[in-house]
Novice: 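Right, I'll just put the structure down here and ask away after.
Computed from a prediction, not measured in an experiment: that's the story for all the values here.
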Amino acid sequence: GENGAVIESGRNKMTVNLESEKIYVVKIKYFAEGKEYLRKKWIKASNRPPQVGDIVAITYQKQNPKKFKVIFNQLLSEK
């Protein structure tokens, strides 16, 4: 797997909270196919949201590395 660093994290104030679901916007820095990417992702964080400085596991499409997913059960290191 690949990993990326959380460089921004914050609540998304434009969405309505559904019960305990909190929507966060995180910006992830990662390297894919020899190039650095900075991409934003909206995520649902039920317990601990990603914090700036966390290293998270990601996957991305080899043909289009801008398309990526954060794998939430794999927080590799906390700040």
Side-chain angles (χ1 to χ4, degrees):
E2 308 293 328
N3 51 15
V6 177
I7 60 170
E8 284 180 21
S9 178
R11 287 289 295 280
N12 179 10
K13 295 166 182 60
M14 296 168 60
T15 59
V16 176
N17 284 349
L18 303 173
E19 298 175 19
S20 64
E21 278 190 346
K22 296 181 177 80
I23 306 296
Y24 285 80
V25 179
V26 294
K27 187 184 275 187
I28 307 286
K29 178 166 81 171
Y30 63 99
F31 289 90
E33 308 303 307
K35 187 176 172 190
E36 181 180 279
Y37 290 87
L38 289 172
R39 304 289 294 168
K40 286 188 177 175
K41 182 69 80 179
W42 291 30
I43 57 154
K44 287 186 268 190
S46 52
N47 300 324
R48 177 191 176 279
Q51 304 291 309
V52 172
D54 286 352
I55 303 299
V56 294
I58 66 165
T59 61
Y60 64 86
Q61 294 181 5
K62 296 272 187 209
Q63 310 85 342
N64 186 2
K66 288 182 180 179
K67 299 230 180 221
F68 79 103
K69 291 182 183 173
V70 177
I71 305 169
F72 283 104
N73 58 353
Q74 294 184 35
L75 178 66
L76 302 178
S77 72
E78 295 183 15
K79 182 178 178 194

Novice: Heavy atoms only: give me the nearest Tyr37-Ala32 pair and the separation to one decimal.
Specialist: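 Closest pair (atom of Tyr37, atom of Ala32, distance): CE1-O, 3.6 Å.
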
Novice: Shortest non-hydrogen contact from Gly4 to Ile28?
Specialist: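 Answer, listing the atom of Gly4 first, then Ile28: CA-CG2, 3.9 Å.
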
Novice: Find the distance between CZ (Arg39) and CD1 (Ile7) and round it off to the nearest 0.5 Å.
Specialist: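 If we round to the nearest 0.5 Å, Arg39:CZ and Ile7:CD1 are 12.0 Å apart.
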
Novice: Give every residue pair that meets the salt bridge (Lys or Arg N to Asp or Glu O under 4.0 Å) criterion with at least one member in residues 25-37, sequence neighbours excluded.
Specialist: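 Of all non-adjacent pairs touching residues 25-37, those that pass salt bridge (Lys or Arg N to Asp or Glu O under 4.0 Å) are Glu8-Lys27, Glu33-Lys62.
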
Novice: Can you list everything that forms a side chain to side chain contact (heavy atoms under 4.5 Å, CB included) with Gln63? Sequence neighbours excluded, please.
Specialist: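 Applying side chain to side chain contact (heavy atoms under 4.5 Å, CB included) to Gln63 gives Gln61.
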
Novice: Can you sort out the partners of Phe68 under ring-ring contact (aromatic ring centres under 6.0 Å, His included), two or more places apart, ordered by chain and number?
Specialist: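 Partners of Phe68 under the ring-ring contact (aromatic ring centres under 6.0 Å, His included) test: Tyr30.
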
Novice: Taking ring-ring contact (aromatic ring centres under 6.0 Å, His included) as the test, write out the residues that go with Phe31, two or more places apart.
Specialist: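 ring-ring contact (aromatic ring centres under 6.0 Å, His included) check on Phe31 returns nothing, list empty.
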
Novice: State, yes or no, whether a side-chain contact exists between Val26 and Lys41 at a heavy-atom distance under 4.5 Å.
Specialist: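 Of all side-chain heavy-atom pairs linking Lys41 with Val26, at least one is under 4.5 Å.
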
